[in-house]
Amino acid sequence: MKTVILNKGKESKYMNGYPLIEEEDIYQHDTLQEGDLFHLRTSHDIYIATCYVGRQHKGLGWVLTYDESQMIHQSFFEDLFLAALEERRYYYHVDGTTAFRLFNGEGDGVGGLTIDNYNGHLLIQWYSEGIYTFRKQIIEAIKKVFNYTSIYEKTRFKHTRIASGFVTGEAPQFPIVVEENFTFYNVHLDDGPMTGIFLDQKEVRKKIRDYYSEGRQLLNLFSYTGAFSVISAHQAEQTTSVDLANRARHLTEENFGLNGIDPKSQKIFIMDTFDYYKYAERHGLMFDTIVIDPPSFARNKKKTFSVIKDYDKLIKGALPLLNKKGTLVLSTNHSMYSLKAFKNMVKQTMSQLGVEYHIDEVMGLPKDFKTHPHYKPSKYLKVIFITLMH
Ligand code: SAH
């Protein structure tokens, strides 16, 4: 077994359960390749954990077990999958929902690996070359533990030539339709990096429909397939979806159609968000709920956008379009943008503008996106609902 020795003083961090082996904490290590197993040891040669090499973020790899005698083979993965399934039995019985996450990386015991269920069609996502080297055992374990009609995969590591796509089972015709909280969405499992719906926002979608849509004008920025608009359209006065990508128009229209909403009754703009701000101001358009859910980084023409640097500009642009007592739903999924920093940014921006507000809700990941208690970045989703006092 290969060995990685920690710097002095770093032992307790890992003994207390931190699951990602960070490069800067390492004193020395054997020659390591993606997918290698290694023992993490103290400078006094005490065993801490068995890990695998899978470079991600600042990490060299992830802890798999704290039991030195545990072998890492198919049945190791089966046991973890079974435990993950046990915790999600509930979701199989929830009325009106057929899509949810079955296995969530380090939260369920294997960093770098996720498995989602889209109405019986499973999607495996591999986040490093290292975890991908266990592909055969993992797929066999999935086949044994989970029910499925088909299995698909996506690789999420760079410099890869490995094709994503169909693995096994009965291939469906895409798009398939999934249901979530009695709303229908189209899903593609073999078309680019995204599937059509971000399952981690399910509780936020429901909250917006149930509390922030009734009779309202709703603006959905960075709308992608329109999920926030689609779930709200029946209650809302009208929804407006804005996205830069051309594909967003027909994907959004199709999702409206699936739910018996005439796409022509709703508005869709293929436009940069900041350009839309100018357009809306020029036309005197006003809204009661504005949802802002940008990507962490984006490039449009020569401009780059980074949530950590530029979120305040999104808020500043949205406020002139917000009616009295209106609500902003501010979302970010950047794992390195802490909730504290995000909240501070909101506070500072609002006080700079002299706008009084209160925080209605702070939401995060749903239970199926199980997080790791000792690894904060695993709680990457932060959504703050703020309502204007006047
Ligand atoms: N809110 C969406 C997910 C957003 S994904 C949902 O709930 O499903 C990010 C989206 O932002 C992508 O569809 C991308 O095309 C869009 N985007 C990126 N830069 C943009 C910009 N400057 N203006 C508008 N949309 C942008």
Exercise. Is a donor on one side and an acceptor on the other found under 3.5 Å between the side chain of D36 and the backbone of Q33?
Worked result: yes

For this session: Indicate yes or no: at least one non-hydrogen side-chain atom of L122 is less than 4.5 angstrom from one of D116.
Result: no

Problem set entry | Residue pairs, two or more places apart or on separate chains, that pass salt bridge (charged side-chain N to carboxylate O under 4.0 Å, His left out) and touch residues 252-275 | D275-K278

Exercise. What orientation do W126 and Y132 show, parallel under 30°, tilted 30 to 60°, or perpendicular over 60°?
Worked result: perpendicular

For this session: Classify the ring geometry between F369 and Y380 as parallel (under 30°), tilted (30 to 60°) or perpendicular (over 60°).
Result: perpendicular

Exercise. Shortest non-hydrogen contact from S213 to L218?
Worked result: OG-CD1, 4.4 Å

For this session: Determine whether the aromatic ring centres of H334 and F342 lie less than 6.0 Å apart.
Result: no

Exercise. Is it true that W62 and Y18 have ring centroids separated by less than 6.0 Å?
Worked result: no

Exercise. Which atom names give the shortest non-hydrogen contact between F76 and M71, and what distance separates them?
Worked result: CB-O, 3.7 Å

Problem set entry | N181 backbone acceptor or donor facing T97 side chain under 3.5 Å | yes

Problem set entry | Y118 and Y152 aromatic centres sub-6.0 Å | no

For this session: Report the relative orientation of the aromatic rings in Y91 and F100; use parallel for angles under 30°, tilted for 30 to 60°, perpendicular for over 60°.
Result: parallel

Exercise. At their closest point, which heavy atom of M271 faces which heavy atom of V242, and how far apart are they?
Worked result: O-CG1, 3.5 Å

For this session: Show your working on side chain to side chain donor-acceptor pair (under 3.5 Å) between S229 and S241 and close with a plain yes or no.
Result: CA-CA 7 Å; S229 311; S241 306; 2.7 Å; yes

Exercise. So, the side chain of T387 versus the backbone of H358: is there a donor-acceptor pair under 3.5 Å, distance only?
Worked result: no

Problem set entry | Side chain Y375, main chain L20, donor-acceptor under 3.5 Å | no

Exercise. Do you know which two heavy atoms are closest between S223 and D243, and how far apart they sit?
Worked result: N-OD2, 3.4 Å

Exercise. Does the separation of the ring centres of F228 and F198 fall below 6.0 angstrom?
Worked result: no

Exercise. Looking at Y66 versus Y47, is the centre-to-centre ring distance below 6.0 Å?
Worked result: no

Exercise. Salt bridge or not for D25 and K10, using N-O below 4.0 Å?
Worked result: yes

For this session: Flag the pair K367 and E87 as a salt bridge only when some basic side-chain nitrogen lies within less than 4.0 angstrom of an acidic carboxylate oxygen.
Result: no

Exercise. Thinking salt bridges, do K202 and D368 make one under a 4.0 Å N-O criterion?
Worked result: yes

Exercise. Would a distance-only check, ignoring hydrogens and angles, find a side-chain to backbone donor-acceptor pair under 3.5 Å from Q238 to S265?
Worked result: yes

Problem set entry | Between F134 and Y52, ring centroids under 6.0 Å | yes

Problem set entry | For H234 against N259, the heavy-atom pair lying closest together | NE2-O, 3.0 Å

Exercise. Can a salt bridge be assigned to the pair R55 and E34 using a cut-off of 4.0 Å between side-chain N and carboxylate O?
Worked result: yes

Exercise. So, for L365 and E203, which heavy atoms are closest and what is the spacing to 0.1 Å?
Worked result: O-OE1, 4.5 Å

For this session: Check the angle between the aromatic planes of F103 and F81 and answer parallel, tilted or perpendicular using the 30° and 60° thresholds.
Result: perpendicular

